Number of protein chains: 2
Amino acid sequence: MSIDTAPPTPTPHARHDHAHCVADALARADALCAQRGARLTTLRRRVLELVWSSHRPRGAYAILEDLSQQDGKSTAPLTVYRALEFLVEQGLVHRIESLNAYVGCASPGASHSGQFLVCEGCGDAAEIDDSSIRTAIESAAIARGFRVQRPTVEVRGVCKDCQEKHP
Amino acid sequence: MSIDTAPPTPTPHARHDHAHCVADALARADALCAQRGARLTTLRRRVLELVWSSHRPRGAYAILEDLSQQDGKSTAPLTVYRALEFLVEQGLVHRIESLNAYVGCASPGASHSGQFLVCEGCGDAAEIDDSSIRTAIESAAIARGFRVQRPTVEVRGVCKDCQEKHP
DNA sequence: CTCATGATGTTATTTTATAACATCTCTGCG
DNA sequence: CGCAGAGATGTTATAAAATAACATCATGAG
Ligand SMILES: [Zn+2]
Ligand SMILES: [Zn+2]
Ligand SMILES: [Zn+2]
Ligand SMILES: [Zn+2]
């Protein structure tokens, strides 16, 4: 069976060891939080793991359902929102504004602004950290006397794999 | 961050003839829609005018309230959402994803992607159309085989005037 | 005029997010 | 240890944003 005819999978670009992605993300989170004295509690760690369950942005309520299902009892939205708030503050998770959803950060610890290529086909959100974009935004802002605090770049379009599937 | 819930006062620091802004925007909208055969109905035109009541992004429900108050009777959310949908499609209004709010387009008709400098201080959203940003995004996408459909750039920070007020 | 199309009205519901307050749990300190 | 205080979580209720499904109205081509 050739790669070209591979069936649709939850993670479309699934030619990778995703379990490794998750384990890696959790390990980095542990290290970062320990280093900072931030408390990555069991709950927060579980939420982080659920955010990382795919490379697609996931809604707070989707995570909530996972959590409830795992525990057999229903959890309150606030529980998830508070955990997400912590994770975003720590730079472990990014919020995709145009989707009201959350996705694991590809390189936490590094200072970066969050730039995403969001595919309409598969829903994947690929995080990039392009210095040209960063500096272009900074320059444009400076030219107008605007002090940048948090740049948001979310590019909708179609990823490489999805283009090949629907030519 | 709070979006514009205050009464529709023109921009806080703007020493400009805002009535002219609005009239101008409406005139251009009339012309564009006429040219395209799109129907800028009374309702849609009124919503456009309300979006333009300031240079701050306004939420759909804020506009809804204005509309209801003007008419003395309550209007349904869908009424506003449908009008906004039309206005966004026609490029007369942009949606600011990170605020769930809408703002009038500074240069409708021109093809542009929507780049905004959103001030945390005054709530103003200044629309820019910076070619460096545009090309930087396009290049970064091309390098990854990603086909861009709709780039979104929303930069949070503090505008010039607000920096001067709070030094 | 008549019909087809698109626009608006109406009612109900879904999805996303937060408020207010109670309880628990960890940690540092006497 | 035992206790105080801060931070984390639980609980209940509500707010805010968006959409669904279906009915009616308005407009313009033929
Ligand atoms: Zn992975
Ligand atoms: Zn990141
Ligand atoms: Zn103005
Ligand atoms: Zn514009």
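Each chain gets a letter, A, B and so on, in the order the sequences are listed, and its residues count up from 1. If you're wondering where the values come from, they're calculated on a predicted model, not measured in any experiment.
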Review point. Rounding to a whole Å, what distance do you find between A:Leu87:CG and D:dT9:P?
Key: 10 Å
Review point. For A:Ile96 and C:dT16, what is the distance between atoms CD1 and P respectively, to the nearest whole Å?
Key: 15 Å
Point to revise | Protein-nucleotide distance (A:Glu85, atom CD; D:dA8, atom P), rounded to Å | key: 10 Å
Point to revise | Counterpart residues, side-chain hydrogen bond (donor to acceptor under 3.5 Å, both in side chains), relative to B:Gln115 (two or more places apart) | key: none
Exercise for review: Let me know the distance between OH of A:Tyr81 and C1' of D:dA16, rounded to the nearest Å.
Suggested key: 11 Å
Taking only N/O atoms, report every protein-nucleotides 6-11 of chain C pair under 3.5 Å with atom names and distance.
residue : atom : partner : partner atom : Å
C:dA7   : OP1  : B:Arg44 : NH1          : 3.2
C:dA7   : O5'  : B:Arg44 : NH2          : 3.4
C:dT8   : OP1  : B:Thr41 : OG1          : 2.5
C:dT8   : OP2  : B:Arg44 : NE           : 3.4
C:dG9   : N7   : B:Arg82 : NH2          : 2.6
C:dG9   : O6   : B:Arg82 : NH1          : 3.1
C:dG9   : O6   : B:Arg82 : NH2          : 3.4

Review point. Just how far, in rounded Å, is C1' of C:dA17 from CD of A:Glu97?
Key: 13 Å
Review point. What class does the angle between the rings of A:Tyr81 and A:Tyr61 fall in, given that below 30° is parallel, 30 to 60° is tilted and above 60° is perpendicular?
Key: perpendicular
Review point. With A:Glu127, which residues qualify under side-chain hydrogen bond (donor to acceptor under 3.5 Å, both in side chains), at least two apart?
Key: A:His94, A:His112
Point to revise | Spacing of A:Leu40 atom CG relative to D:dT9 atom C1', expressed in whole Å | key: 15 Å
Point to revise | Residue list, side-chain hydrogen bond (donor to acceptor under 3.5 Å, both in side chains) with B:Asp17, at least two apart or on another chain | key: none
Check your understanding: Partners of A:Thr75 by side chain to side chain contact (heavy atoms under 4.5 Å, CB included), sequence neighbours excluded?
Key -> A:Leu64, A:Leu67, A:Ser68, A:Thr79
Check your understanding: Is any side-chain N or O of A:Asn100 closer than 4.0 Å to OP1 or OP2 of D:dA17?
Key -> no
Review item, side-chain donor-acceptor pairs of residues 31-46 of chain A, under 3.5 Å, at least two apart:
residue : atom : partner : partner atom : Å
A:Arg36 : NH1  : A:Gln90 : O            : 2.8
A:Arg36 : NH1  : A:Gln90 : OE1          : 2.9
A:Thr41 : OG1  : A:Arg44 : N            : 3.4
A:Arg44 : NH1  : A:Arg39 : O            : 2.7
A:Arg45 : NE   : A:Asp30 : OD1          : 2.9
A:Arg45 : NE   : A:Asp30 : OD2          : 3.3
A:Arg45 : NH2  : A:Asp30 : OD2          : 2.8
A:Arg46 : NE   : A:Gln70 : OE1          : 3.4
A:Arg46 : NH1  : A:Asp71 : OD1          : 3.4
A:Arg46 : NH1  : A:Asp71 : OD2          : 3.3
A:Arg46 : NH2  : A:Gln70 : OE1          : 2.7
A:Arg46 : NH2  : A:Asp71 : OD1          : 2.8

Check your understanding: Going by 5.5 Å between centroids and 30° between planes, is there a stack of A:Tyr61 over C:dT15?
Key -> no
Check your understanding: Whole-Å distance between C:dT16 P and A:Leu64 CG?
Key -> 11 Å
